[in-house]
Amino acid sequence: KKLINCFIALAALFVGTACEHSLTPDSKVGSVVSLKVSVPQEAQTRAIADGTNVDVLYYEVYDSQMSKRLAYGKVGKTADKVFDLDLTLVQDQTYNFLFWAQVDGANYYNVNSLREVTVNYSGRFNKATAVGNDEQRAAFLAAEKFHVGKETLKKDVYLKRPFAQLNFG
């Protein structure tokens, strides 16, 4: 009788383990996304408002429908004046990326959500001490859509100015 109970217990253990394994969803395999994000290298006759002082990149990653933010963060500029971003994302998925680059510590822009960046004038804009073409106002953006496959995805992303720029000499 003890032997039969042992066999029943072992059988229940094996059946439970087999059922548990079959109910577990397949784990999603990740692929590396390696991005080099660059501020435009425009030919300048002057060094006014050339954007070289931009030193921080904010990014957000959304699903293919832009309904759910999956990742976000902030990276600094590298020695070669680009932003390197390496993420591991689920294979066979399409992702939307939003990028915003600005001067670190400059509080001219509210970047809590890159889907809706707002300008923060904070009352200083109309005062004589505020300068409309302040170098600290430099900003760049980009929006890209990528499909992640099985191999490492390597892409270059080029940022653009979100506002018009006028230089008076």
- Any side-chain heavy atom of Leu89 sitting closer than 4.5 Å to one from Leu153? no

(message) Side chains of Phe97 and Val37, heavy atoms from C-beta outward: is any pair under 4.5 Å?
(response) no

Correct closest heavy-atom pair for Val148 and Val33 would be CG2-CG2, 3.7 Å

- Task: For the residue pair Tyr72 and Leu98, establish whether any side-chain heavy-atom pair is separated by less than 4.5 Å.
- Result: no

Discussion item. With heavy-atom distances below 4.5 Å as the criterion, would you say the side chains of Met66 and Arg115 are in contact?
Written reply: yes

Between Gln93 and Tyr95, do the side chains contain a donor N or O and an acceptor N or O under 3.5 Å apart? no

(Q) Between Asp84 (side chain only) and Lys36 (backbone N and O only), is there a donor and an acceptor less than 3.5 Å apart? (A) no

Minimal heavy-atom distance between Thr152 and Ser34, with the atoms involved, is CG2-CB, 4.5 Å

Spell out, yes or no, whether Val103 and Tyr109 are grouped together once hydrophobic residues are joined by side-chain heavy atoms under 4.5 Å, including indirect joins.
-> no

When you measure from the side chain of Ser31 to the backbone N and O of Gly149, does any donor-acceptor pair fall under 3.5 Å? yes

Closest non-hydrogen atoms of Val75 and Phe83, given as atom of the first, atom of the second and distance, are O-CD2, 3.8 Å

In short, Pro162 meets Trp100 closest at the heavy-atom pair CG-CH2, 3.8 Å

Practice item. Evaluate the side-chain proximity of Gln102 to Tyr108: yes if any heavy-atom separation is below 4.5 Å, no if none is. Key: no

What one should report as the nearest heavy-atom pair of Gly30 and Gln91 is O-NE2, 3.7 Å

Flag the pair Leu87 / Tyr59 as yes when at least one side-chain heavy-atom distance between them is below 4.5 Å, and no otherwise.
-> yes

Between the CG atom in Asp63 and the OG1 atom in Thr94, the distance rounded to the nearest 0.5 Å is 10.0 Å

>> According to a hydrophobic-cluster definition based on side-chain heavy atoms being under 4.5 Å apart (Ile, Leu, Val, Met, Phe, Trp, Tyr only), do Phe146 and Leu159 belong together?
In response: yes

- Task: Check whether any side-chain heavy atom of Lys74 lies under 4.5 Å from a side-chain heavy atom of Asp104, and answer yes or no.
- Result: yes

_Are the side chains of Val39 and Lys81 in contact, using a 4.5 Å heavy-atom criterion?_
no

For the hydrophobic clusters of this structure (ILVMFWY residues joined by side-chain heavy atoms under 4.5 Å, transitively), does one cluster hold both Val117 and Val56? yes

Separation between CG (Asn96) and CD (Glu60), nearest 0.5 Å, reads 11.5 Å

inquiry  = Checking Asp92 against His147 for the side chain to side chain contact (heavy atoms under 4.5 Å, CB included) test, could you report, in this order, the C-alpha distance in whole Å, the side-chain angles of both residues, the deciding distance, and whether it holds?
reply    = CA-CA 7 Å; Asp92 297 325; His147 182 79; 4.3 Å; yes

Original post:
Is Leu85 reachable from Leu70 through a run of hydrophobic residues whose side-chain heavy atoms are each under 4.5 Å from the next?
Top reply: yes

ask   = Is a side-chain donor or acceptor of Asn110 paired with a backbone partner of Thr118 at a separation under 3.5 angstrom?
value = no

Checking the side chain of Lys77 only, and the main-chain atoms of Val54 only, is there a donor and an acceptor separated by less than 3.5 Å?
yes

Check: Would Val32 end up clustered with Val90 when hydrophobic side chains under 4.5 Å apart are linked, directly or stepwise?
Finding: no

d(Ser38 OG, Phe140 CZ) to nearest 0.5 Å is 11.5 Å

